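Ligands are counted one by one from 1 in listed order, and the atoms in each one are counted from 1 as well. Values reported hereafter were calculated over all heavy atoms of this structure, with side chains retained and with hydrogens, waters and symmetry mates removed. As the structure is a prediction and not an experimental result, all values here were calculated from the model.
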Amino acid sequence: MKKLIGAMLACLMAGSLMAAQGQITTESGGVKSLRNSADLAVEAPAAQLKNFRKDGDLYDRQYMHQPPLVPHDIRNYEIDTKVNKCLACHSFKNASVMKAPKISPTHFEARDGMTLGEVSPRRYFCLQCHVPQADAKPLVGNSFKPVEALN
Ligand code: HEC
Ligand code: HEC
């Protein structure tokens with residue numbers, strides 16, 4: 001009987017400990033982060049979508065081999081295993097008719113250095129590397145400067 005009461009007490013204590021920990025993890029304690037001071041258990045409101053620059057200007061590249069930013073709207077452009085909307089304009093075949101810049105030969109290189117006859121799987125999902133241009137403040141401050149050669 002004594003043993004049983006002991007075990008029950010231990011269970012109760014473990015339970016209240018867990019409850020206390022639960023409280024700590026659901027409150028931000030006033031700490032502000034990128035999701036502001038929303039409690040962890042609460043869905044923070046989504047940040048507003050940034051507008052594309054409409055002036056038609058291109059942002060300069062900041063370092064060698066930077067994937068250029070996308071200077072046009074891409075809303076609803078489908079990219080999956082069957083369709084790649086980007087290639088409808090940017091493939092070698094379609095680029096001149098669509099008056100769009102061609103993807104460069106690096107987009108045909110597989111990771112073992114072979115050059116393929118099709119866009120390489122590792123360059124198929126364009127938005128992995130190319131992001132649309134937006135006049136957005138950096139989320140975290142930094143002192144990055146473009147390399148000399150690009151100034
Ligand atoms: C309807 C045709 C069309 C489609 C579809 C399209 N683009 Fe473009 N893209 C262009 C044109 C034209 C330009 C040249 C700049 C301009 O006129 O906006 C361009 C420019 C770019 C550039 C800048 C290239 C450079 O050298 O600076 C990138 C990167 C790019 N597009 C990526 C994409 C991606 C990624 C997608 C798919 C999500 C896509 N584009 C879909 C027509 C298209
Ligand atoms: C793994 C990253 C990556 C992916 C994925 C990728 N690109 Fe690129 N892209 C780059 C880089 C890096 C450059 C600039 C250097 C170069 O040409 O390789 C570039 C350059 C370009 C350019 C400019 C070419 C030029 O001659 O200046 C266009 C247009 C472009 N990409 C379109 C696309 C499209 C469309 C897709 C999807 C089919 C795509 N990219 C997928 C990294 C990527």
Subset of ligand 2 atoms that lie under 4.0 Å from at least one heavy atom of Arg122: 1 (C), 5 (C)
What is the closest protein heavy atom to atom 33 (C) of ligand 1, and at what distance does it sit? His90 NE2, 3.5 Å
Suppose I only count heavy atoms of Arg61 and a 4.0 Å limit; which atoms of ligand 1 are within that range? 26 (O)
Per-atom contacts, ligand 1 versus Pro68 - under 4.0 Å to a heavy atom: 25 (C), 27 (O), 29 (C)
Is there a heavy atom in Pro71 that sits closer than 4.0 Å to ligand 1? yes
Which option, Ala100, Cys129, Ala95, owns the non-hydrogen atom nearest atom 42 (C) of ligand 1? Ala100
Number the atoms of ligand 2 from 1 as they appear, then name those within less than 4.0 Å of a heavy atom of Thr106, with their elements. 16 (C), 17 (O), 18 (O)
May I ask you to decide if the ring planes of Phe108 and Phe92 are parallel, tilted or perpendicular, using 30° and 60° as cut-offs? perpendicular
For ligand 1 and His130, I'd like to know whether there is a polar contact (N/O to N/O, distance under 3.5 Å). no
Point-to-point distance, once rounded to the nearest 0.5 Å, from CD of Gln66 to SG of Cys129: 11.0 Å
Should the proximity of Pro101 to ligand 1, defined as any heavy atom under 4.0 Å, be assigned to the side chain, the backbone, both, or neither? side chain
Mind checking the OG-NE2 spacing from Ser91 to His107? Nearest 0.5 Å is all I need. 12.0 Å
Would you say His107 has an N, O or S atom lying under 2.8 Å from atom 8 (Fe) of ligand 2? yes
Enumerate the atoms of ligand 1 whose separation from the nearest heavy atom of Lys99 is less than 4.0 angstrom. 12 (C)
Which protein heavy atom lies closest to atom 34 (C) of ligand 1, and at what distance to 0.1 Å? Cys86 SG, 3.5 Å
Should we say atom CG of Asn76 is surrounded by more than 12 heavy atoms from elsewhere, each under 6.0 Å from it? no
Regarding ligand 1, does Lys85 bring an N or O atom to under 3.5 Å of one of the ligand's N or O atoms? no
Give the atom numbers and elements of ligand 2 that come within less than 4.0 Å of a heavy atom of Leu87. 38 (C)
Which ligand 1 atoms are under 4.0 Å away from a heavy-atom of Cys126? 35 (C)
Ligand 2 to His65 polar contact by distance, N or O atoms, under 3.5 Å: no
Under 4.0 Å from atom 26 (O) of ligand 1, do we find at least one protein heavy atom? yes
When you compare ligand 2 with Ser104, is there at least one nitrogen or oxygen pair between them that comes in under 3.5 angstrom? yes
At a 4.0 Å threshold, what atoms of ligand 1 neighbour a non-hydrogen atom of Leu69? 23 (C), 29 (C)
Quick one: which of Pro67, Pro132, Cys89 has a heavy atom closest to atom 2 (C) of ligand 1? Cys89
